[in-house]
Amino acid sequence: MFSFDPSGVALVVLLVAMYARAVTVLRWRGYEVSGRQQALWYSGVALIALALIGPPDALSDDLLSAHMAQHLLLADLAAPLLLAGIRTPVLMFMLPRQVLVPLARNRPLRSAFRTLRKPLVAVPLWVVVLYTWHFRFAFQAALEHPFVHLLQHWSFFFTSLLVWWAVVDPKKRRLGGELWKAGHIIGMRVAGMFLGMAFILMRTQAYPWYGERAHQHGLDPIRDQQYGGGLMFLVDLLVMFFALGFFFWRAAADDDRREAEKREAAVVSSS
């Protein structure tokens, strides 16, 4: 079951074309983007395609669990993969020069972006956006008005990009293993877990919109709501475990690399 929403198809095609252009330009300049880095980008694009033109989009008006899956695919899974895929120097070639140069020279815009992506700004902003959109009045408005729904999706996506930017740091060629990054992601995910747990424990419908619609798919509305909350909780838990394991491993690898460099420097200085 696919929706083939024209705007979703157009976005996916645009993302693929922009990245293919950046990779091609870099190849002409003698730099080969690794297959692993390209795979990260295209995996993120595939998740966006699944969210916007796949079953989650086709069922999002009828099932809360499908709507939640759509949000998770866009913001929680696709966003960090895209950032990892545009790691420098790809980042510098994603936009045509005619677009990139004016943006780079816009000091107020650059200053605002630097502020928003700071961990102590990005995480609270993400939490506010997440919880605000899940109030009944806001969620119902998104269900009733396509433009509001679009705003909901992309506010989730862009605030997630801000949170992940400090962690992935795509302006650097290598992902650093600073341990504060694990705490940063865990703090973010814990806030989402509380919301997911609320949907699991509630015994009344959070959004009456889904009442009869869920029945049409053979699901009790409360059970559908619990599935949605369970998806949120599970994704948050998996991301937390991955962040904790990955950054402890990367921190250990960085420490070993620094020790090796010190030993090499000592050998050179003594010879």
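Note that the structure is a prediction, hence the values are computed from the model and not measured.
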Same cluster or not: Val129 versus Phe113, using hydrophobic residues (I, L, V, M, F, W, Y) connected whenever any side-chain heavy atoms lie under 4.5 Å apart?
yes
Determine, stepwise, if the pair Leu82 / Trp41 fulfils side chain to side chain contact (heavy atoms under 4.5 Å, CB included).
CA-CA 5 Å; Leu82 294 182; Trp41 172 268; 3.7 Å; yes
Any Thr24 side-chain heavy atom under 4.5 Å of Phe93 side chain:
no
Is there a donor-acceptor pair closer than 3.5 Å between any side-chain N or O of Thr88 and the backbone N or O of Leu91?
no
I'd like to check Val190 versus Asp236 (side-chain heavy atoms, cut-off strictly below 4.5 Å). Are they in contact?
no
With rounding to the nearest 0.5 angstrom, report the CG to CG distance, Leu231 to Leu73.
9.0 Å
In this structure, are over 12 heavy atoms from other groups packed under 6.0 Å from Tyr131 atom OH?
yes
Heavy-atom pair of closest approach, residues Val127 and Ala191:
CG2-CB, 3.7 Å
Any heavy-atom pair between the side chains of Arg21 and Met18 that's under 4.5 Å?
no
Would you name the heavy atoms of Thr204 and Ile222 that are closest together and state the gap between them?
C-CD1, 3.6 Å
Pairwise distance CD(Gln140) to OH(Tyr207) - rounded to 0.5 angstrom
8.5 Å
Is Val99 linked to Ile86 within one hydrophobic cluster, defined over Ile, Leu, Val, Met, Phe, Trp and Tyr using a side-chain heavy-atom separation of less than 4.5 Å?
yes
Closest approach of Gly211 and Pro221, non-hydrogen atoms and distance?
O-CG, 3.4 Å
Closest non-hydrogen atom pair, Ala166 against Pro119
CB-CG, 3.9 Å
Evaluate the ring planes of Phe246 and Phe242, with Trp represented by its six-membered ring, and classify them as parallel (under 30°), tilted (30 to 60°) or perpendicular (over 60°).
parallel
Can Met188 and His184 be said to form a side chain to side chain contact (heavy atoms under 4.5 Å, CB included), step by step?
CA-CA 6 Å; Met188 169 195 180; His184 177 63; over 6 Å; no
For Leu201, look at atom CG and say whether over 12 heavy atoms of other residues, nucleotides or ligands are found less than 6.0 Å away.
yes
For the residue pair Ile185 and Trp164, establish whether any side-chain heavy-atom pair is separated by less than 4.5 Å.
yes
Tell me, which pairs form a salt bridge (charged side-chain N to carboxylate O under 4.0 Å, His left out) where one or both residues lie in residues 107-123, sequence neighbours left out?
none
Fellow cluster residues of Leu238, listed by chain then number, with links counted only when side-chain atoms sit under 4.5 Å apart:
Leu234
Quick one: list whatever passes side-chain hydrogen bond (donor to acceptor under 3.5 Å, both in side chains) with Thr159, sequence neighbours left out.
none
Is Phe248 atom CZ crowded by more than 12 heavy atoms from other residues, nucleotides or ligands, each under 6.0 Å away?
no
Look up atom OH in Tyr42 and atom CG in Leu47, then write down how far apart they are to the nearest 0.5 Å.
15.0 Å
Arg27 side chain reached by Glu32 side chain, heavy atoms, under 4.5 Å
yes
Inspect the surroundings of OH in Tyr31 and state if more than 12 heavy atoms from other residues, nucleotides or ligands are less than 6.0 Å away.
yes
Shared hydrophobic cluster for Val121 and Trp180 (ILVMFWY, side-chain gaps under 4.5 Å)
no
I'd like to know if Leu14 and Val12 are part of one continuous hydrophobic network [Ile/Leu/Val/Met/Phe/Trp/Tyr, side-chain heavy atoms within less than 4.5 Å].
yes
In terms of hydrophobic clusters joined by side-chain contacts under 4.5 Å, are Val128 and Leu130 together?
no
Any donor and acceptor pair, going by atom type alone, linking the side chain of Gln70 with main-chain N or O of Ser60 inside 3.5 Å?
no
Nearest atoms (heavy-atom pairs only) where Gln37 meets Ala84:
CG-O, 3.7 Å
For the residue pair Tyr210 and His67, categorise the inter-ring angle as parallel (less than 30°), tilted (30 to 60°) or perpendicular (more than 60°).
perpendicular
How many angstroms lie between OG1 in Thr132 and CD in Gln152, if you round to the nearest 0.5 Å?
11.0 Å
Looking at Ser155 and Leu151, would you say the former's side chain and the latter's main chain have a donor-acceptor pair under 3.5 Å?
yes
Looking at side-chain heavy atoms only, is the closest gap between Asp76 and Arg189 below 4.5 Å?
yes
Listed partners of Asp57 passing salt bridge (Lys or Arg N to Asp or Glu O under 4.0 Å), at least two apart
none
Quick one: CG on Leu103 to CG on Leu109, what's the gap to the nearest 0.5 Å?
6.5 Å
Is it the case that atom CZ in Arg203 sees more than 12 heavy atoms from other parts of the structure closer than 6.0 Å?
yes
Please report the closest heavy-atom contact between Pro80 and Val168, naming both atoms and the distance.
O-CG2, 4.3 Å
By the rule that ILVMFWY residues connect when side-chain heavy atoms come within less than 4.5 angstrom, directly or transitively, which residues belong alongside Val101?
none
Run Val23 and Tyr19 through side chain to side chain contact (heavy atoms under 4.5 Å, CB included) and show every step you take.
CA-CA 6 Å; Val23 170; Tyr19 197 79; 3.6 Å; yes
For residues 208-232, pull every pair meeting salt bridge (charged side-chain N to carboxylate O under 4.0 Å, His left out), keeping only residues two or more places apart or in separate chains.
Asp62-Arg213
How about Phe139 and Leu64: do any of their side-chain heavy atoms sit closer than 4.5 Å?
yes
For the pair His71 and His134, name the ring-plane relationship: parallel under 30°, tilted 30 to 60°, perpendicular over 60°.
perpendicular
Intermediate values then yes/no, side chain to side chain contact (heavy atoms under 4.5 Å, CB included), Leu52 and Leu74:
CA-CA 8 Å; Leu52 297 182; Leu74 278 174; 4.1 Å; yes
Does Tyr227 reach the side chain of Leu63, with side-chain heavy atoms less than 4.5 Å apart?
no
Measure the CZ-NZ distance between Arg250 and Lys181 for me, rounded to the nearest 0.5 Å.
9.0 Å
